[in-house]
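Just so it is clear, the structure is predicted and the values come from calculations on it, not from any experiment.
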Amino acid sequence: QVQSVESGGGLVQAGGSLRLSCAVSGSIFSISAMGWYRQAPGKQRELVAQIINGGSTNYADSVKGRATISRDNAKNTVYLQMNSLKPEDTAVYYCNAKGMRITTMIPFDSWGQGTQVTVSS
């Protein structure tokens, strides 16, 4: 099993910033893509940002200019820097990682348990 564990969530005032971290562990040969998703109450889970092998990034329109996704390959960790936070950003944020396992050389698709981000107004 490949495990993804998020951290960095919490309560922040509108206009503030947070940096979420997700450490991916396990018998990993390679990680091809990592991403952050979020799900607010009563809403469908949506992609916030993703980073692809090679460094290409994609962002949801709602967070463009406010979010930055980055990856530390040595640590198998992905980060999401969120600035100028809005109450609409309140959600559970989930980390996702896709890649290949080293022991069996099969694909993996790992999801974290989520970290709560609450933005107060």
Side-chain angles (χ1 to χ4, degrees):
Q1 296 81 36
V2 176
Q3 186 177 21
S4 301
V5 180
E6 304 97 335
S7 63
L11 176 64
V12 64
Q13 295 182 13
S17 299
L18 283 176
R19 190 175 79 152
L20 307 181
S21 300
C22 175
V24 182
S25 62
S27 300
I28 299 170
F29 176 74
S30 64
I31 297 176
S32 59
M34 306 181 85
W36 287 95
Y37 297 73
R38 68 185 181 187
Q39 187 167 22
K43 295 185 178 180
Q44 189 174 1
R45 185 175 299 187
E46 65 174 344
L47 174 69
V48 179
Q50 65 178 3
I51 185 165
I52 311 299
N53 180 261
S56 298
T57 58
N58 297 294
Y59 297 94
D61 289 340
S62 59
V63 302
K64 284 183 178 178
R66 301 189 297 118
T68 303
I69 187 169
S70 60
R71 173 181 170 181
D72 186 332
N73 292 336
K75 297 180 180 179
N76 285 337
T77 299
V78 63
Y79 306 92
L80 182 68
Q81 177 71 41
M82 292 280 288
N83 302 321
S84 301
L85 285 162
K86 305 174 181 179
E88 304 93 275
D89 295 318
T90 296
V92 177
Y93 284 70
Y94 298 90
C95 171
N96 175 253
K98 296 181 174 66
M100 297 290 290
R101 297 186 65 190
I102 191 170
T103 54
T104 58
M105 292 300 293
I106 60 174
F108 69 83
D109 186 355
S110 175
W111 287 90
Q113 295 300 305
T115 184
Q116 176 70 49
V117 172
T118 302
V119 183
S120 62
S121 59

Would R101 count as a cation-pi partner of F108, with NZ or CZ less than 6.0 Å from the six-membered ring centre and within 45° of the ring normal? no
Do Q81 side-chain atoms and T68 backbone N/O form a donor-acceptor pair below 3.5 Å? no
Main-chain N/O of K98 paired with S32 side-chain donor or acceptor, under 3.5 Å: yes
If you measure from OG on S70 to CG on D72, what distance do you get to the nearest 0.5 Å? 8.5 Å
Just verifying a value: how many Å separate Q13 CD and S120 OG, rounded to the nearest 0.5 Å? 5.5 Å
Counting N and O atoms only, with roles assigned by atom type, does the side chain of N96 sit under 3.5 Å from a partner on the main chain of D109, one being a donor and the other an acceptor? no
Please determine whether a side-chain nitrogen of the Lys or Arg among D61 and K64 lies less than 4.0 Å from a carboxylate oxygen of the Asp or Glu. yes
Is any side-chain heavy atom of L80 closer than 4.5 Å to one of V48? yes
Do N83 and S17 meet the criterion of a side-chain donor-acceptor pair at a distance under 3.5 Å? yes
Pair M100, I106 - check side chain to side chain contact (heavy atoms under 4.5 Å, CB included), show working. CA-CA 5 Å; M100 297 290 290; I106 60 174; 5.6 Å; no
For residues R38 and S62, is any side-chain donor paired with an opposing acceptor at under 3.5 Å? yes
Spacing of CG belonging to D89 relative to OG1 belonging to T118, to within rounding of 0.5 Å: 11.0 Å
Closest non-hydrogen atom pair between I51 and I69, with its separation: N-CD1, 3.8 Å
Are any non-hydrogen side-chain atoms of S7 and T115 less than 4.5 angstrom apart? no
For W111, does the six-membered ring have the charged nitrogen or CZ of R45 within the cation-pi criterion, i.e. under 6.0 angstrom from the centroid and within 45° of the normal? yes
Taking E46 for its side chain and Q39 for its backbone only, find out whether a donor-acceptor pair lies under 3.5 Å. no
So, does T90 use its side chain to make a donor-acceptor pair with the main chain of E88 at under 3.5 Å? no
Please round to the nearest 0.5 Å and tell me the distance separating atom OH of Y93 and atom SG of C22. 14.5 Å
Before giving the answer on side chain to side chain contact (heavy atoms under 4.5 Å, CB included), spell out for V2 and I28 the whole-Å C-alpha distance, their side-chain angles and the decisive distance to 0.1 Å. CA-CA 7 Å; V2 176; I28 299 170; 3.8 Å; yes
With distance as the sole test, does R66 use its side chain to make a donor-acceptor pair with the main-chain N or O of S84 at under 3.5 Å? yes
In terms of hydrophobic clusters joined by side-chain contacts under 4.5 Å, are V5 and V78 together? no
